[in-house]
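Both backbone and side-chain heavy atoms feed into the values below; hydrogens, waters and symmetry mates do not. Positions are given from 1 along the sequence. Whatever order the structure lists them in is the order used to number ligands and atoms, beginning at 1.
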Amino acid sequence: MKIKGQVYQSTGSYYSVKDTEGNFWRARLKGRFKISKHTSSSNPIAVGDWVQMEALKNEEKEAVISDIVDRDNYIIRTSPQNRHHKHIIASNLDLACLVITVTQPVTSFGFIDRFLITTEVSNIPCVLIINKSDLITQENESDFHRILDIYKKIGYEIHIVSAKNGEGIDKLEEKLFDKNSLFTGHSGVGKTTLINRLIPGFQLKTKSVSEWSGKGQHTTTFAEMFDWPNKLNTAIVDTPGIKEWGLQEVERSNLSHFFPEMLALLPSCRFNNCLHVNEPHCAIKDALKNGEIAQERYSNYILFLEELERPF
Ligand code: GDP
Ligand code: ZN
């Protein structure tokens with residue numbers, strides 16, 4: 001019997017797959033499953049994938065996955081140590097949400113920009129969610145406004161929320177309706193608390209401060225998808241907290257294509273192979289000078305350009 005279903009969870013060897021009638025199956029990969037046609041990632045099947053299964057035991061709901069349906073899109077995480085090491089975090093997404101905080105912990109521009117490049121490469125719409133708005137004080141409000149200024153101007157949607165006091169939750173909930181949304185961010189930004197707040201009665205386990213602020217970070221990233229109860233076609237893909245986000249493996253000459261504010265200006269550079277470093281008549285450098293492009297973004301661009309020159 002052939003069954004079609006979507007992968008909700010992966011442990012590396014087993015997958016939890018929901019069929020079109022809503023039953024969950026425990027499935028493993030068929031021995032001869034062809035990995036080759038599905039990128040060079042370490043995992044052939046990811047959360048969000050639609051797959052074909054063959055039932056082994058109908059009663060116990062055990063099956064083998066024999067094929068994968070072509071993905072609409074997918075998010076690849078590259079290892080911060082070696083960008084050639086890739087792992088597909090999730091596929092068939094409508095939205096990618098990066099949860100960030102200006103304090104406890106601080107999310108750096110580097111982390112944000114590496115993530116945004118990933119969503120641009122994957123062509124997945126993305127929103128930034130600034131959580132812990134209740135902790136914004138005189139001391140950190142300039143950091144907060146800087147994030148708003150930079151990313152709103154580029155055109156990224158930003159949601160300001162507090163999982164603690166409920167600010168911005170309704171509007172975010174509206175945004176997520178009828179979508180399959182990835183949630184990611186540093187450990188400790190409040191992603192678990194936020195998801196629990198969004199979905200009443202839903203109890204993801206939150207970690208104590210000592211667990212997220214200490215060492216012992218996750219090295220592998222296994223995502224898990226949850227249906228939103230009582231909302232049709234609405235799901236969230238949760239990921240374990242991520243310490244660093246590796247840089248996508250893109251051609252150096254194309255890097256600026258994944259900075260939307262730069263992409264728009266490229267036709268105005270004199271040289272069409274301009275890398276926007278030292279070339280004369282560079283529209284990007286002009287825009288930097290007149291404040292149109294943020295210094296933080298340009299600095300990261302240069303940093304990433306150098307990083308891509310290194311073999312790993
Ligand atoms: P995760 O690692 O991103 O899943 O973070 P958690 O949801 O486990 O939260 C980490 C810590 O931040 C916990 O102590 C939460 O109580 C706290 N926290 C989460 N959201 C907020 C918020 O909006 N405001 C404040 N002040 N604390 C929050
Ligand atoms: Zn240029």
Q.
For the 3.5 Å polar cut-off, considering only N or O atoms, please tell me whether V161 and ligand 1 meet it.
A. no

Is the contact between [X] and ligand 1 made by the side chain, the backbone, both, or neither, using heavy atoms and a 4.0 Å cut-off?
X	result
D134	side chain
L135	side chain
V99	neither

Q. Would R146 and E296 pass as an ion pair if we require N to O under 4.0 Å?
A. yes

Q: Count up the protein N, O or S atoms sitting under 2.8 Å from the Zn ion (ligand 2), would you?
A: 4

Q. Non-hydrogen atoms of G188 versus ligand 1: any pair closer than 4.0 Å?
A. yes

Q.
Heavy-atom contact check, 4.0 Å cutoff: does S187 meet ligand 1?
A. yes

Q | F259 and F304 aromatic ring geometry - parallel, tilted or perpendicular at 30°/60° bounds | A | tilted

Q. For the residue pair H84 and F312, does the interplanar ring angle fall in the parallel (under 30°), tilted (30 to 60°) or perpendicular (over 60°) class?
A. perpendicular

Q) Do other residues, nucleotides or ligands put more than 12 heavy atoms under 6.0 Å from E60 CD? A) yes

(Q) Under the rule for side-chain contact (heavy atoms from CB on, under 4.5 Å), what residues qualify as partners of N254, not counting sequence neighbours? (A) E251, H257, F258

Q.
Considering N131, T239, T101, N196 one by one, which has a heavy atom nearer to atom 20 (N) of ligand 1 than any of the others?
A. N131

